[in-house]
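Structure below; questions to follow.
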Amino acid sequence: MSDLKRALGEAVEAAFAAIGAPPELGRVTPSDRPDLADFQSNGALAAAKRLGKNPREIATAVAERLAGDPRLSAIEIAGPGFINLKVADATLSDRANAIAADPRLGAETVATARRVIVDYGGPNVAKPMHVGHLRASIIGESIKRIYRFRGDEVVGDAHFGDWGYQMGLLIGAVMDENFAVRAVVERLNAGVHGEDLGAFDTVDLADLDRLYPQAAARGKADTDYRDRARKITAALQVKQAGYYVLWERFRAVTKVALERDFHALGVDFDLWKGESDVEHLIAPMVAELDAKGLLVDDQGARIIRVVQDGDKRELPPLLVVSSEGSAMYGTTDLATILDRQRAFGPDLVIYCVDQRQADHFEIVFRAAIQAGYAAPGQLEHIGFGTMNGTDGKPFKTREGGVLKLNDMIELTREKARERLREAGLGEDLPPAEFEEIAGKVAVAALKFADLQNFRGTSYVFDLDRFTSFEGKTGPYLLYQAVRVKSLLRRAAEEGAQAGPVNVSEPAERDLVLTLDAFDAALTEAYDKKAPNALAEHAYRLSQAFSRFYAACPIMTAAPAVRASRLTLATAALRQLERALDLLGIATPERM
RNA sequence: GCGCCCGUAGCUCAACCGGAUAGAGCACCCGCCUUCUAAGCGGGUGGUUGCAGGUUCGAGUCCUGCCGGGCGCGCCA
């Protein structure tokens, strides 16, 4: 089932072809002038240049070909040669009925399904998630859902950062502070068996969170300290028992906290693979890269050069093995590509990671292609901008610290409770449901504030603004959905039946045209990996519904009109809930 | 220094292969609750799209230069 934009586009393209103009110029778009038309085609202007004719003549010839089309109530030529199309009410009614009857609410699926991996979230061992993880989680989750809804086979992978120099730093720091742990690690390293591991249980996430920044800072300033951390890292990577068992403890305590945070955000991963899961692939991979002649010794390290003809500057090489013998960030990324190739065979891997890592991914992807682990175009980095504070600098709390994701969610949830109480909403609800609603409102506020912006640009995180819940916000969208649900409950109680749509009022026309635009928004979000296109649609749909709700009484209307409007309201609700779900936002039943 | 991204209303952001009068929200002003949830709806104020050129019938969008900002540039991830 095609949307009106595409259906009319085919008709206009055929008209262009019939008068000898390139058919692709007949593309139809929603009108920029809703006061004049529903759809427009600008193709006559471009065709005029190619054919050497007057644009208005071409537009007139096209309009004459379209004149008999029963779907159009008006065809007008305006300005230098715009073709303005107005759709007949009966056609809008038919389209509304089709959308209402469609389980997919008017959205198409891709012609050929692909196997896709979305790599997002990027949590790390020992570091509680902070506001910087918000975007990676929110955008990645939405892209995963959009791809899946369009029909691709999609796997979301958290790609747990659990392997590397940071682990060596942290192991060293914990051992320096906790002598009981140190003693156990040293005995295990020495090959002692049957050791009591009770000392490890005292290490918790708060310790790791506290020690990591200190250790990272000291590693930068103190050469000896850094060398020791590197040696520990190398020993961990060959699974020396003491380090390895302590590391397992780090991983376990971190994952519990991460799962709590992701759950609160409505983010689910299909896979929780870590960098450590590909550790066993690294040695054979390095040997193979060597055999292929890709590895070069340089300054004591082993690297792959990735420079290409046409580069505007010299890209650094991929560092495969450090001078200490450690696998690096890029090494595990390369091994992960190999692992995914073997285990899943993806047509596309989407890396939803901060834009600042663009160079890193370019280097890794080039190395993977050189090694034959990936084809050009198969790996794609979808970067996003940073989230800044109101001062334009990376977000910090008033105290100057990093705001933890969990704390931010709780702050927003508290604001949601306040606003619900102020508005007198949900006061007669059981406490558990009230809490559930506050949680959904908070998540909607955070996610929509992020997703309404194009992912590539940085944006300002303003807690006051995000929690205002008025205007173009997540809670506004939930509010519209809840109003429809309330209305439909009432209709059910009164035995009011939905029936065929018969469009007449301007607000009804506008609502149907907005419903019709769902597939275009979804397709754009999919093609550009840009959920903001879908977020914009969800907002426009809410607005169109709200105007319809204000202008067109439903329950007090005559039976046939009421039936038509109930169908429209139901379709709007279902499409809105679907769009919100694709953004990762859940809707409460009431609020 | 080299490279990438960005600069749109007082603020935060949109803008569909270049198209008509550059759109939303916030803030500000005016109106609308005895009728389906006012976290709502309607109306209004607010713009030389950083600057200067160029291409084009037509430029926020493409090209060049400049100004301003952010980020990245091998042994962290």
Side-chain angles (χ1 to χ4, degrees), chain A residues 5 24 27 29-33 35-36 40 42 45-46 48-49 55 78-82 84 122 124 127 161 163-166 169 216 219-220 226 229-230 275 298-301 303 311-319 321-324 326 328-330 332-333 354-360 363 383 385-386 388 390 392-393 419-420 422-425 441 449 452-454 456-460 462 465 468-473 475-476 478-480 482-488 490-491 520-521 523-524 528 532-533 536 539-540 543 546-547 549-551 553-557 569 590-591:
Chain A
K5 174 181 157 175
E24 67 273 12
R27 196 170 62 104
T29 57
S31 178
D32 292 331
R33 295 288 304 272
D35 52 322
L36 300 179
Q40 65 185 23
N42 306 331
L45 296 154
K49 188 187 286 186
F82 298 105
N84 282 337
N124 288 306
K127 291 187 269 189
W163 206 242
Y165 171 66
Q166 53 174 348
L169 271 174
K220 279 182 191 165
R226 179 172 64 220
R230 283 192 193 148
E275 294 170 333
D298 192 86
Q299 298 170 37
I303 63 171
D311 284 354
K312 288 184 178 175
R313 73 197 147 119
E314 191 173 346
L315 216 52
L318 180 73
L319 230 162
V321 184
S322 79
S323 47
E324 288 294 336
S326 298
M328 305 299 293
Y329 179 34
T332 47
D333 279 351
D354 194 314
Q355 186 62 41
R356 287 176 292 193
Q357 296 193 45
D359 284 354
H360 167 74
I363 292 163
T386 49
N388 297 328
T390 44
K393 293 175 181 167
R419 293 288 290 120
L420 284 165
E422 278 168 25
L425 295 171
V441 168
Q452 67 171 305
N453 301 325
F454 177 67
T457 53
S458 297
Y459 74 107
V460 171
D462 181 343
R465 191 163 55 82
S468 75
F469 301 159
E470 277 165 19
K472 195 172 184 178
T473 64
Y476 168 87
L478 296 190
Y479 180 74
Q480 298 308 335
V482 164
R483 284 211 298 194
V484 193
K485 289 187 183 190
S486 169
L487 173 72
L488 295 179
R490 182 168 167 158
T523 306
E524 187 188 349
K528 290 161 71 173
N532 67 306
E536 185 65 26
Y539 180 65
R540 285 193 190 152
Q543 276 188 315
S546 199
R547 281 192 293 266
Y549 183 86
I554 297 172
M555 296 311 292
T556 55
R590 65 191 97 227
M591 61 188 265

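Quick note on labels: first sequence line is chain A, next is B, and so on, each numbered from 1.
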Polar contact flag, side-chain donor to acceptor under 3.5 angstrom, A:Gln480-A:Arg483: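 The answer is yes; a qualifying pair exists.
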Among B:G74, B:A15, B:A24, which nucleotide sits nearest the side chain of A:Pro316?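 Of B:G74, B:A15, B:A24, B:G74 is nearest to the side chain of A:Pro316.
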Specify the separation, in whole Å, of atom CZ of A:Arg226 and atom P of B:C76.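 These atoms are roughly 7 Å apart.
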When you measure only distances, ignoring hydrogens and angles, does the side chain of A:Gln40 come within 3.5 Å of the base of B:A20 through a donor and an acceptor?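 In this structure, the two groups form a donor-acceptor pair.
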Quick one: closest heavy-atom pair of A:Gln40 and A:Asn84, and the distance?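 Looking at all heavy atoms of both residues, the closest pair is CB-OD1, 3.7 Å.
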For B:C62 versus B:C17, give the span between their P atoms, rounded off to a whole number of Å.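 To the nearest whole Å, 11 Å.
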B:G74 base / A:Asp298 side chain donor-acceptor hit below 3.5 Å: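 Checked by distance alone, the answer is yes.
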Would you check if A:Gln543 and A:Tyr476 make a side-chain contact, meaning some heavy-atom pair closer than 4.5 Å?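 The answer is yes, as the side chains (C-beta and beyond) meet within the 4.5 Å cut-off.
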Describe, in one word, how the ring planes of A:His360 and A:Tyr329 are oriented to each other, choosing from parallel (under 30°), tilted (30 to 60°) and perpendicular (over 60°).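 Taking A:Tyr329 first and then A:His360, their aromatic rings lie parallel (interplane angle under 30°).
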RNA chain B: A:Ser322 or A:Phe454, which has the more 5' nearest nucleotide?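 That would be A:Phe454.
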Measure CG/A:Asp333 against C1'/B:A77 and give the value in whole Å, please.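 In whole Å, B:A77 C1' and A:Asp333 CG are 9 Å from each other.
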Determine the Euclidean distance between corresponding C1' atoms of B:G25 and B:G40; express it in Å to zero decimal places.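 These two C1' atoms come out 14 Å apart once rounded.
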Compare the minimum distances between each of B:U37, B:G19, B:C36 and the side chain of A:Leu45, then state the nucleotide with the smallest one.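 Between B:U37, B:G19, B:C36, the one nearest the side chain of A:Leu45 would be B:G19.
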Work out how far the P atom of B:A15 is from that of B:U56, and round it to whole angstrom.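 Roughly 28 Å separates the two P atoms.
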Side-chain N or O of A:Arg230 less than 4.0 angstrom from OP1 or OP2 on B:C76?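 Checking A:Arg230 against B:C76: at least one side-chain N or O falls below 4.0 Å of OP1 or OP2.
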At under 4.0 Å, does any side-chain N or O of A:Arg27 touch on OP1 or OP2 of B:C17?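 For B:C17, OP1/OP2 do have a side-chain N/O of A:Arg27 under 4.0 Å.
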Provide the distance between the two C1' atoms, one in B:G7 and one in B:C13, to the nearest whole Å.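 It comes out at 13 Å once rounded to the nearest Å.
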Hey, what do you get for CD (A:Gln452) to NZ (A:Lys472), rounding to the nearest 0.5 Å?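 NZ of A:Lys472 is found 5.0 Å from CD of A:Gln452.
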Close side-chain approach of A:Pro316 and A:Ile363, heavy atoms under 4.5 Å: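 Yes - at least one pair of side-chain heavy atoms lies under 4.5 Å apart.
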Need one value for A:Lys49: base, sugar-phosphate or nothing, where a base atom within 4.0 Å counts as base even if backbone is also close, heavy atoms only.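 If one applies the 4.0 Å heavy-atom cut-off, A:Lys49 turns out to touch a base.
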Should A:Leu318 and A:Ile303 count as side-chain neighbours, where that means a heavy-atom distance under 4.5 Å?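 Of all side-chain heavy-atom pairs linking A:Ile303 with A:Leu318, none is under 4.5 Å.
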To the nearest angstrom, how far is A:Gln452 atom CD from B:U12 atom P?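 The distance from CD of A:Gln452 to P of B:U12 comes to 14 Å, rounded to the nearest Å.
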What is the nucleic acid contact for A:Asp32, judged by heavy atoms within less than 4.0 Å: base, sugar-phosphate only, or nothing?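 Base: the residue A:Asp32, judged by heavy atoms under 4.0 Å, touches a nucleobase.
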Rounded off to whole Å, could you give me the NZ-to-P distance for the A:Lys528 and B:A14 pair?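 Distance check: A:Lys528 NZ to B:A14 P gives 11 Å.
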Scan A:Lys485 against the nucleic acid and name what it touches under 4.0 Å (heavy atoms): base, sugar-phosphate only, or nothing.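 Answer is nothing: A:Lys485 stays at 4.0 Å or more from every strand.
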Under 4.0 Å, counting only non-hydrogen atoms across every strand here, what does A:Gln299 touch: a base, just sugar-phosphate, or nothing?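 Base contact - A:Gln299 has a heavy atom under 4.0 Å of at least one base atom.
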With heavy atoms under 4.0 Å as the rule, sort A:Val321 into base, sugar-phosphate or nothing.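 Touches nothing.
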Under 4.0 angstrom, heavy atoms only, what part of the nucleic acid is A:Met328 near: base, sugar-phosphate, or nothing?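 The answer is sugar-phosphate, as A:Met328 gets under 4.0 Å only of primed atoms, P, OP1 or OP2.
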Paired with B:C62 by Watson-Crick or G-U wobble geometry, both distances under 3.5 Å: which nucleotide is it?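 Matched B:C62 with B:G54 under the 3.5 Å cut-off.
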Over how many whole Å does the gap from A:Glu275 atom CD to B:A77 atom C1' extend?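 Rounding to the nearest Å, CD of A:Glu275 and C1' of B:A77 are 7 Å apart.
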Take atom CG of A:Leu169 and atom C1' of B:C75, then tell me their distance rounded to the nearest Å.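 For the pair A:Leu169 CG and B:C75 C1', the rounded distance is 13 Å.
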Give none if B:G68 has no partner; otherwise give the nucleotide forming a Watson-Crick or G-U wobble pair with it, both distances under 3.5 Å.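 Partner of B:G68: B:C6.
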I want to confirm an ordering. Mapping A:Ala46 and A:Ala358 to their closest nucleotides on RNA chain B, which one lands closer to the 5' end?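 Nearest-nucleotide comparison on RNA chain B picks A:Ala358.
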Is B:C29 in the syn range, within 90° of 0, or in the anti range?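 You should classify B:C29 as anti.
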B/S/- along nucleotides 39-47 of chain B (protein heavy atoms under 4.0 Å) is BSSS-----
Confirm from the modelled atom types if A:Ser323 and B:C75 form a donor-acceptor pair under 3.5 Å, side chain to base only.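 Indeed, a donor on one side and an acceptor on the other fall under 3.5 Å apart.
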Is there a Watson-Crick or G-U wobble partner for B:A38 with both distances under 3.5 Å, and which nucleotide is it?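 Result: none.
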For A:Asn84, which contact category applies under a 4.0 Å heavy-atom criterion: base, sugar-phosphate, or nothing?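 The answer is base, as A:Asn84 lies within the cut-off (heavy atoms under 4.0 Å) of a base atom.
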Does any non-hydrogen side-chain atom of A:Arg419 lie less than 4.5 Å from one of A:Glu470?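 SC-SC contact between A:Glu470 and A:Arg419 confirmed.
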How far does the P atom of B:G44 sit from the matching atom of B:G23, given to the nearest Å?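 The same atom, P, in both gives a distance of 13 Å.
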Searching all strands shown, indicate the nucleotide that pairs with B:G74 (Watson-Crick or G-U wobble; both distances under 3.5 Å).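 Pairing partner: none.
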Are A:Tyr549 and A:Val484 close enough that some pair of their side-chain heavy atoms sits under 4.5 Å apart?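 No, every pair of side-chain atoms sits at 4.5 Å or beyond.
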Take atom CZ of A:Phe82 and atom P of B:C57, then tell me their distance rounded to the nearest Å.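 In whole Å, B:C57 P and A:Phe82 CZ are 16 Å from each other.
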Within the 4.0 Å heavy-atom criterion, would you say A:Gln355 contacts the bases, only the backbone, or no part of the nucleic acid?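 If one applies the 4.0 Å heavy-atom cut-off, A:Gln355 turns out to touch nothing in the nucleic acid.
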If only side-chain N and O atoms of A:Thr386 are considered, is one of them under 4.0 Å from the OP1 or OP2 phosphate oxygen of B:C5?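 False: A:Thr386 side-chain N/O out of range (4.0 Å or more) of B:C5 OP1/OP2.
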Provide the distance between the two C1' atoms, one in B:G68 and one in B:U49, to the nearest whole Å.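 Straight-line distance between the two C1' atoms is 16 Å.
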Answer with base, sugar-phosphate or nothing: what part of the nucleic acid does A:Arg540 contact at a heavy-atom distance below 4.0 Å?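 Nothing, no nucleic acid heavy atom in range.
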Mind checking who B:U12 pairs with, Watson-Crick or G-U wobble, both distances under 3.5 Å?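 Across all strands, the one nucleotide that pairs with B:U12 is B:A24.
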Name the closest nucleotide to the A:Ser31 side chain, picking from B:C6, B:G3, B:A20.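 The listed nucleotide nearest to A:Ser31's side chain is B:A20.
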Point-to-point distance, once rounded to the nearest 0.5 Å, from CZ of A:Arg313 to CG of A:Asp311: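 Going from the CZ atom of A:Arg313 to the CG atom of A:Asp311 covers 8.0 Å.
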When the P atoms of B:G54 and B:C16 are considered, how many whole Å apart are they?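 After rounding to an integer number of Å, I get 26 Å for this pair.
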Determine the interatomic distance between P on B:A27 and the same-named atom on B:C41; round to the nearest Å.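 Comparing P positions in B:A27 and B:C41 gives a spacing of 13 Å.
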Specify the separation, in whole Å, of atom NZ of A:Lys312 and atom C1' of B:G1.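 That distance rounds to 17 Å.
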Check every strand shown and say whether A:Asp354 touches a base, only sugar-phosphate, or nothing at a heavy-atom separation below 4.0 Å.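 Counting heavy atoms under 4.0 Å across all strands, no contact is made by A:Asp354.
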Starting at CG of A:Asn42, measure out to CZ of A:Arg27 and round the result to the nearest 0.5 Å.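 One gets 8.0 Å once the value is rounded to the nearest 0.5 Å.
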